[in-house]
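What follows is a short report on a single structure.
Please read all numbers here as calculations on a predicted model, not as lab measurements. In what follows, every chain begins at residue 1, and chains take the letters A, B, ... in the order their sequences are listed.
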Amino acid sequence: MKGLAKLYRMGEVEVHALRGVDLDLFAGELVVLLGPSGSGKSTLLNILGGLDTASAGEVVYREKDLTRAAERELTEYRRHHVGFVFQFYNLIPSLTAQENVAVVTDIAKRPMKPEDALSLVGLGERLTHFPAQMSGGEQQRVAIARAIAKNPDVLLCDEPTGALDSTTGIKVLEALERANRELATTTVIITHNADIAGIADRVIHLSDGRISEVSVNDVKKRPGDLHW
Amino acid sequence: MLDRKLLRDLWKMKGQALAIVLVIVSGVATYVMLIGTMDSLNMTRDRFYRDHRFADVFAQLKRAPDSVKAQIAEIPGIGTAETRVAADVKLDIKGFPEPVTARIVSLPDVGQPLLNTPYIRKGRMLEPYRSDEVLVSEAFAEAHRLSPGDTFGAVINGRWKTLVIVGTALSPEFVLQSRPGAISPDYKRYAILWMGRDGLGTAYNMKGAFNDVILTLSRGARAEDVILRLDSLLDRYGGLGAYARKEQISHRFLSEEFKQLQRSADIFPAIFIAVSAFLLNVVVSRTVGIQRDQIAILKAFGYSNLGVGVHYTKMVLVIVVAGIAGGLAAGTRLGEALGGVYMAFYRFPYLVFELRPGVALTAAGITTAAALAGTFFSVHRAATLPPAEAMRPEPPALYRRSIVERLGIGRLLAQPTRMILRNIGKRPARSLLMIAGVALSCAIMIAATFSKDAVDFMVDVQFTRSQKEDLTVTFTDPTSKKAVYELMGLRGVTHAEVFRSVPARLRFGHRSYRTSIQGIEPGGSLNTPLDSSLRPISLPEDGIVLNDYLGAILGIRPGDMLTVEVLEGNRPVRQVPVVGLVKQYIGLQGYMDIHALNRLMKEGGAISGAYLSVDPRYRAEVYKTLVEMPRVAGAVVRKEEIRNFYDTQAEALLFFTFIATILGGTIAFGVVYNSARIALSERSRELASLRVLGYTRAEISYIFLGELGLITIASIPLGMLMGREIASYIARAISSELFRVPMVIGGATYSLAAAVVVVSACFSGLIVRHRLDHLDLVAVLKARE
């Protein structure tokens with residue numbers, strides 16, 4: 001992405017969420033986007049995921065310019081190339097764990113089986129539970145299974161551990177790390193929790209709508225070694 | 001400050017609020033329209049009756065000298081009595097080839113008429129002793145564009161006479177100007193004429209005599225007592241049996257109409273009120289759900305339970321008050337319009353439309369009470385919500401597999417379809433109420449428009465299956481059977497069957513009913529009574545068959561002996577066995593083999609008239625000849641009677657169908673739109689998540705609108721069943737001696753109702769679809785549930 005800028009208009013106030021971001025993401029890497037709240041990281045993720053469009057600059061995904069894509073093309077992009085994990089899981093309450101994953105595999109081109117995706121996140125035994133019958137960590141792992149089940153090229157995670165305690169959070173990160181390792185999915189995790197940065201290949205610091213620092217971890221930590 | 005919040009909240013949900021307001025408007029407007037119309041017709045009628053001194057008791061007789069009038073006046077309980085000459089005449093209207101008959105009634109030459117005073121609309125009153133001047137009924141004058149000064153021909157007692165119209169008039173006696181035995185007023189072919197007593201008396205050989213008595217009762221007198229004495233007095237003058245006002249044809253039609261309006265006013269507004277209470281319940285409970293945190297904060301800052309309760313009650317009241325105000329305004333307009341429609345049937349000199357404060361208050365009171373009752377639990381929940389609990393989000397709903405899936409066919413369903421089924425199953429009560437609400441809109445349509453099918457069926461049975469004649473000819477007096485040969489000799493008459501019609505009072509035990517017995521030719525093909533399965537029956541040689549409704553009135557069954565008190569000639573009283581019951585939707589009659597009736601009357605082969613089949617090519621010629629035949633009192637053309645019936649009904653039917661369609665559509669829209677908006681607010685997060693996961697707009701629309709669609713589709717058969725039930729209640733409620741409404745609902749009525757429901761649902765679906773297309777994906781993901 002090049003010169004990416006985003007200007008929000010909140011009533012009569014203009015908010016510069018992004019002020020010129022240049023960034024390349026490489027296939028298979030695990031990137032942690034670190035920054036305080038309001039630094040623009042969610043905006044960046046939304047634009048990367050085709051949920052939002054930039055005010056200026058361009059995002060190119062495999063020669064396709066997402067900044068000029070129509071609504072239908074963005075849907076297509078999300079449908080076949082991107083997996084999302086959100087802070088508040090966003091599962092469909094009326095569907096079981098397995099069905100929540102199937103919601104995505106039903107429309108994907110080369111999905112894995114929902115059961116396999118759930119096994120990958122350690123929930124092979126809880127296929128028939130509804131969201132209301134699961135803990136927060138379990139729900140988030142269902143969300144990860146849902147995100148990876150389509151074999152996405154890019155996995156975008158917005159504060160995936162934000163609503164969880166550290167023990168549960170670590171389990172969730174293990175699931176993400178495993179998916180990245182075994183499926184070679186380009187994974188972007190945004191967080192304000194600096195401790196998580198240890199598991200990344202690259203850590204990108206964002207503040208005030210700009211990239212302030214990029215660091216490369218020579219040795220990646222395993223999620224199990226993290227503490228916060 | 002809370003009030004400002006209230007107004008902004010309402011503004012935010014203006015679409016939903018408006019939909020509910022519209023349903024309330026419909027309910028209140030229907031109520032006001034129906035009750036208002038009934039009130040105004042009632043007031044108009046009462047005022048017209050009072051100002052024009054409508055009689056309480058009526059009697060016709062053969063002929064009595066004027067001296068009898070003094071004897072009548074002596075009967076205790078009589079207020080004012082007036083004697084008249086009245087007769088049926090044939091008219092010859094230029095440029096109108098069909099047979100026209102008229103009832104001609106005398107007015108005193110000297111002084112004002114004491115009772116049943118005509119209201120002169122145009123022209124002037126008759127001049128004394130002018131035998132060529134007449135007043136004509138306004139409806140007839142309008143139908144033929146006749147004005148004072150115009151002339152027309154009449155055959156009065158066999159003699160041709162040219163009459164001059166000096167004025168057009170209305171009378172309390174002929175508010176409904178309908179030929180006896182006819183199914184609806186026929187302004188083209190039936191007229192009322194008023195003529196000076198001297199002129200008419202001379203023409204009918206009634207100088208110094210009368211054949212019609214009208215009288216009022218003095219205060220506290222009983223009509224039954226007066227009738228008994230009057231009958232015994234008039235017996236020797238050929239009295240046909242006196243009857244009270246409630247049996248007077250015009251008055252009776254009016255009363256039946258009022259009953260009909262009252263029944264409709266009982267049913268339809270209740271449905272609207274119930275639906276609006278349900279909608280308010282849904283909306284308020286959702287609003288309370290969404291505003292939990294706001295309630296918590298209000299309470300945290302010291303607002304009392306009562307304060308919060310009052311706040312949400314006000315929200316309900318604002319909607320209700322807007323609905324009531326709109327309903328009163330619309331109802332008054334519609335009432336005036338409906339009054340106008342009725343004025344085409346009922347000839348009043350004026351229409352007093354006035355909305356009684358009581359009616360408005362009742363409408364407002366019932367609506368408000370229903371709305372408050374419907375929202376009581378939601379408001380109560382808001383008021384008593386503990387602040388700490390209110391801070392937390394509502395607990396997530398627990399879903400289950402739907403029944404369809406548990407039956408094992410779930411495997412065949414894709415996730416979106418499962419979501420639809422589970423969402424319906426999650427709140428079964430709400431889904432059912434929603435189905436019931438939409439079903440009611442369908443039912444309202446059916447109940448309000450089925451009368452067309454019923455009328456079609458009624459006409460089909462009466463005029464196609466039972467009566468097949470082209471023309472019914474009636475003689476002035478019972479005549480020898482030979483008279484029919486004269487008719488058969490007319491060019492164009494292909495077939496004739498004679499009949500004898502005898503006025504009689506039928507008595508069984510303590511119950512009695514005044515009607516006529518129709519003697520018809522056994523094995524005839526032009527007038528055949530039908531059994532309960534509408535198959536023609538052959539009349540037995542002896543005994544009488546009664547209309548089933550008449551049988552029920554008398555409480556008589558086949559095998560019982562019926563007492564027949566003939567009201568004509570020697571007035572014999574006979575015992576006749578009832579041998580069967582026949583189905584007949586219009587009128588109440590008994591049928592006998594004409595020979596049996598002749599035997600009962602101890603007369604030879606006397607006939608009252610004949611049914612004719614006429615070659616269409618010679619119809620006009622036959623009509624013309626009939627006018628000229630002195631013995632023929634009049635003729636009725638069956639086809640014209642049917643067409644006229646539809647013409648008179650058309651406007652009213654159109655009015656009701658139009659109103660019903662709007663109202664049915666309003667309910668369907670109100671229910672579907674509100675439910676959709678509520679569901680959208682509950683599920684926008686889920687739908688946005690799906691969009692983020694790559695679902696297209698069309699796919700999430702399917703998931704969301706599919707649920708509404710399924711509910712709409714499920715509600716249609718239910719609505720049809722409910723519509724049928726309501727229609728059948730109405731049919732039973734408004735069935736009377738004049739006509740019975742058959743429970744027949746045609747495919748077109750069902751289809752129209754279903755179509756209105758579907759179109760309204762699609763319309764609300766489209767509005768919501770617009771919102772679905774503009775879901776804010778990012779905002780939804782940020783917020784916690």
Applying a strict 4.5 Å limit to non-hydrogen atoms, the region of B:R683 in contact with chain A is neither
Can you name the closest pair of heavy atoms from B:Y695 and A:V104 and give their distance? OH-N, 4.4 Å
How many angstroms lie between CG in B:L693 and CZ in A:R146, if you round to the nearest 0.5 Å? 4.5 Å
Separation of B:S689 OG from A:F86 CZ (nearest 0.5 Å): 6.0 Å
Show your working on side chain to side chain contact (heavy atoms under 4.5 Å, CB included) between B:R691 and A:L51 and close with a plain yes or no. CA-CA 9 Å; B:R691 286 279 287 129; A:L51 295 175; over 6 Å; no
From CZ (B:R418) to OG1 (A:T96), nearest 0.5 Å: 7.5 Å
B:R422 (side chain) donor-acceptor with A:S94 (main chain) under 3.5 angstrom: yes
Would one find more than 12 heavy atoms of other residues, nucleotides or ligands at under 6.0 Å from atom NE2 of A:H16? yes
Neighbour count >12 (heavy atoms, 6.0 Å) for atom NZ, A:K171: no
Once rounded to the nearest 0.5 Å, what's the spacing between atom CD of B:E686 and atom CG of A:L95? 7.0 Å
A:E125 atom CD, over 12 foreign heavy atoms within 6.0 Å: no
Check whether any side-chain heavy atom of A:R72 sits under 4.5 Å from a side-chain heavy atom of B:R697, and report yes or no. no
For chain B, the option from A:L74, A:V103, A:V82 that forms the most heavy-atom pairs under 4.5 Å: A:V103
For B:F763, is the CZ atom crowded, meaning more than 12 foreign heavy atoms sit under 6.0 Å from it? no
Check each atom of A:E159 against the heavy atoms of chain B and say whether the ones under 4.5 Å are side chain, backbone, both or neither. neither
Shortest non-hydrogen contact from A:N90 to B:R685? OD1-NH2, 3.2 Å
